[in-house]
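Every chain is numbered from 1 and lettered A, B, ... according to where its sequence line falls, protein lines coming before strand lines.
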Amino acid sequence: MLDIKFIRDNPEVVKQGIKNKNGKDRVDELLVLDKQRRNLITQTEELKAKKNSVSQEVAKLKKQGEDASSIISEMKIISDETKEIDNELNAIEEKLNEILYHFPNLPDESVPVGKSSEENVVVRQWAPEEFSLENEEKVLDHIELGKKLNILDFERGTKISGSGFPLYIGKGATLERALINFMLDTHIKEHGYTEVLPPFLVNRASLIGTGQLPKMEEDMYNIEKDGLYPIPTAEVPITNMHRNEILEEDSLPINYVGYSACFRREAGSYGKESKGFLRVHQFNKVELVKFVKPENSYDELENIVSDAEAILKLLKIPYRILLLCSGDLSFAASKCYDIETWSPAENKWLEASSCSNFGEFQGRRASIRFRNYKTKKLNFVHTLNGSGLATSRLMVSLLENYQTPEGKIIVPKVLQKYTGFEIID
RNA sequence: GGAGAGGUGGGUGAGUGGCUGAAACCAACGGUUUGCUAAACCGUCGUACUGGGUAAACCGGUACCGAGGGUUCGAAUCCCUCCCUCUCCGCCA
């Protein structure tokens, strides 16, 4: 959420930022409400101040055993008037908040302005030495490989739950588990993150805190009976660990890594990239989350990207890193890098990670603050997160890149101690 | 699912209608003392919004004792609804 004071003082900056993000500009509407709100606050507070002082009088008079009935009846009128103004005020604040909670975060200055993913910028690209993007012989795609080797069963997944719910079998399941453990261990041991295994169902306040709600209501699974939502990413529970907390300045940065299953309705996206693993309702992800001091957040974004890409280097899977343009940035992000892995069968890059800096956007929504030792003031922390990484698209690249001409899969060297086997055939 | 207890400031914990934004203690911070550490003593010590002020310091006002309503001139305190936590019983991975 943006600071209303900032919007008030910099309406043009905010308008431009929203425009660059392809958002709906409701700044003027908001400022009118803000003005009304402050007028009403002044009115009601004056009345309340009077009420408070007169109440003291009443107490005094009663103590002395004198009659206070005339001022009491006068106060009754003021009290009613106050209630009326308060009702009006509440209505305005509700409207104002509704708008404010739908305001996207603004892009950072370093983010290229652009309309869509077409204008994202490739920052760098990496591949193991023996690799070439030009593959001459025909390769099997991950669905064919999964079927042939009996490690993935999308049909049965559909029978059990519906389309988009993958089912791993045998060595496929083991490989998935190995991948998760390998990524967790690497981030914990090599990159210094603290492991978290969070709840997979969260309440509404948590989703508002990280920014999924109220805007993305349609994209969320919702267990109405209990008021709980299956998480679309571990970002939600992990970031909300510190909701409504005041952190010690010297405890920052806080770095968490957590595995979770992720649940997404993907409403309206049927038919688009929907085969196999490319777009699913449930997938596994290892998520990196950071709570940092404001002045460090953009450096920390670079760190989170390099922690995520380290996994791909170790796995020896070709990838590239994109700096998203303003129009492709998600609602809560001020800057974001996507990491895409290469799929030789699809002959294209697949998004396997998204690393974002949210600035104080989530900190403000979720009220996550720290005491600034120097100024003694409370400041919002900056939050970041990045997939490190999501296994579904990664699994596509892994299977396809590691297939042999006979259609077997060689297990990447670093995963072998986790799988206990070297080949899937 | 059944029965009960409870939610007060960073923490513990007083407080049953006006003198309570809230005692006391602990923690924290500043200072005095000290060869160092410790202790002792003194002082400071909530947040948000809002008005003024130089976007600082600071000053004024309002709100906040789980959340939301209600009663009242006046609510942490009385009433209603909801949420959460804990204990015991039942069921269960």
Side-chain angles (χ1 to χ4, degrees), chain A residues 1-14 30-31 33-97 100-101 197 199-209 213 223-229 237 240-252 254 261 294 360 363-381:
Chain A
M1 172 160 72
L2 298 180
D3 184 0
I4 180 81
K5 284 182 203 142
F6 180 82
I7 302 174
R8 200 183 290 155
D9 296 338
N10 307 278
E12 293 310 316
V13 175
V14 175
L30 185 81
L31 290 179
L33 289 170
D34 178 50
K35 191 85 198 245
Q36 290 175 350
R37 170 176 170 265
R38 284 191 292 158
N39 277 336
L40 290 172
I41 285 176
T42 309
Q43 287 179 40
T44 183
E45 287 191 350
E46 272 170 17
L47 290 175
K48 282 174 186 166
K50 182 161 186 202
K51 191 177 81 177
N52 287 342
S53 70
V54 173
S55 285
Q56 302 276 334
E57 290 293 313
V58 174
K60 221 180 267 172
L61 288 175
K62 290 221 164 169
K63 214 172 188 180
Q64 292 164 359
E66 292 178 33
D67 177 50
S69 55
S70 75
I71 44 177
I72 283 180
S73 60
E74 189 190 331
M75 277 305 96
K76 211 165 196 166
I77 297 166
I78 290 192
S79 183
D80 288 347
E81 202 177 333
T82 309
K83 259 174 211 166
E84 238 169 77
I85 297 175
D86 278 345
N87 284 339
E88 207 178 325
L89 182 61
N90 285 341
I92 290 203
E93 288 194 326
E94 201 173 304
K95 264 196 236 169
L96 191 141
N97 281 332
L100 205 52
Y101 274 98
L197 186 54
F200 292 1
L201 301 181
V202 297
N203 56 31
R204 199 174 163 83
S206 292
L207 285 159
I208 287 172
L213 292 182
I223 302 171
E224 273 182 42
K225 196 175 178 186
D226 299 291
L228 293 169
Y229 298 77
N240 278 283
M241 281 168 67
H242 295 300
R243 172 156 48 87
N244 293 331
E245 286 187 14
I246 294 167
L247 305 171
E248 287 301 320
E249 182 177 352
D250 58 15
S251 72
L252 303 175
I254 297 173
E360 63 172 38
R364 184 179 292 283
R365 282 182 164 243
S367 189
I368 309 170
R369 296 175 291 178
F370 70 97
R371 175 86 57 189
N372 186 316
Y373 288 147
K374 250 194 218 134
T375 64
K376 313 259 188 192
K377 291 265 159 63
L378 294 175
N379 294 125
F380 293 108
V381 298

Does A:D34 or A:T44 map to a spot on RNA chain B nearer the 5' end, using the closest nucleotide for each?
A:D34

Pairwise distance CG(A:L2) to OH(A:Y101) - rounded to 0.5 angstrom
12.0 Å

For atom P, what is the distance between B:U72 and B:U77, given to the nearest Å?
16 Å

Taken in chain and number order and not counting sequence neighbours, the residues that satisfy salt bridge (Lys or Arg N to Asp or Glu O under 4.0 Å) with A:E84 are none

Could you state the atom-to-atom distance from CG of A:D86 to P of B:U62 in whole Å?
14 Å

Taking side chain to side chain contact (heavy atoms under 4.5 Å, CB included) as the test, write out the residues that go with A:E88, two or more places apart.
A:L40

Expressed in whole Å, how much space separates the P atoms belonging to B:U34 and B:C29?
22 Å

Could you check if a side-chain atom of A:K50 sits within less than 4.5 angstrom of a side-chain atom of A:L47, using non-hydrogen atoms only?
no

Sequence neighbours excluded, the answer for side-chain hydrogen bond (donor to acceptor under 3.5 Å, both in side chains) partners of A:E93 is A:R37

We want to know whether A:N203 and A:S206 form a side-chain donor-acceptor pair, criterion being a heavy-atom distance below 3.5 angstrom.
yes

Those residues of residues 46-55 of chain A lying under 4.0 Å from RNA chain B by at least one heavy atom:
A:K48, A:A49, A:N52, A:S55

Contact list (N/O, under 3.5 angstrom) for nucleotides 44-47 of chain B vs protein:
residue	atom	partner	partner atom	Å
B:U47	OP1	A:R371	NH1	3.0
B:U47	O3'	A:R369	NH1	3.3

Listed partners of A:K76 passing side chain to side chain contact (heavy atoms under 4.5 Å, CB included), at least two apart
none

Polar-atom pairs under 3.5 Å, protein N or O versus N or O of nucleotides 51-58 of chain B: list them with distances, or write none.
residue	atom	partner	partner atom	Å
B:G51	OP1	A:R38	NH1	3.2
B:A57	OP1	A:K377	NZ	2.6

In sequence, state the C-alpha distance, the side-chain angles, and the governing distance for A:K48 and A:D86, and then conclude on side chain to side chain contact (heavy atoms under 4.5 Å, CB included).
CA-CA 11 Å; A:K48 282 174 186 166; A:D86 278 345; 3.3 Å; yes

In this structure, how many angstroms lie between the P atom of B:A63 and the CD atom of A:Q43, rounded?
16 Å

Quick note, A:V58 side chain, CB onward, closest among B:U62, B:C73, B:U71 is B:C73

Please give the distance between the C1' atoms of B:G9 and B:A76 as a whole number of Å.
12 Å

Give me the distance, rounded to whole Å, that separates B:C79 from B:G7 when you measure between the P atoms they each carry.
14 Å

Close side-chain approach of A:I4 and A:L30, heavy atoms under 4.5 Å
yes

Check this for me: does the side-chain of A:Q56 come within 3.5 Å of the base of B:G18 through a donor and an acceptor?
no

Pairs counted as Watson-Crick or G-U wobble with both distances under 3.5 Å: what dot-bracket string results for RNA chain B, using | for bases tied to another strand?
((((((((.[[[..)..(.....]]].(((((.......))))).(((((((.....))))))).[[[[[..)....]]]]])))))))....

Going by the rule side chain to side chain contact (heavy atoms under 4.5 Å, CB included), which residues pair with A:P11 if we only count those two or more places apart in sequence or in a different chain?
A:V27, A:L31

What pairs with A:R364 under side-chain hydrogen bond (donor to acceptor under 3.5 Å, both in side chains), at least two apart in sequence or on another chain?
A:E360

Could you tell me how far B:C82 sits from B:G4 if I compare only their P atoms? Round to whole Å.
16 Å

Residues from residues 70-82 of chain A sitting under 4.0 Å of RNA chain B, heavy atoms only?
A:I72, A:M75, A:K76, A:S79

Residues two or more places apart in sequence or in another chain: which of them pass side chain to side chain contact (heavy atoms under 4.5 Å, CB included) with A:N10?
A:F6, A:V13

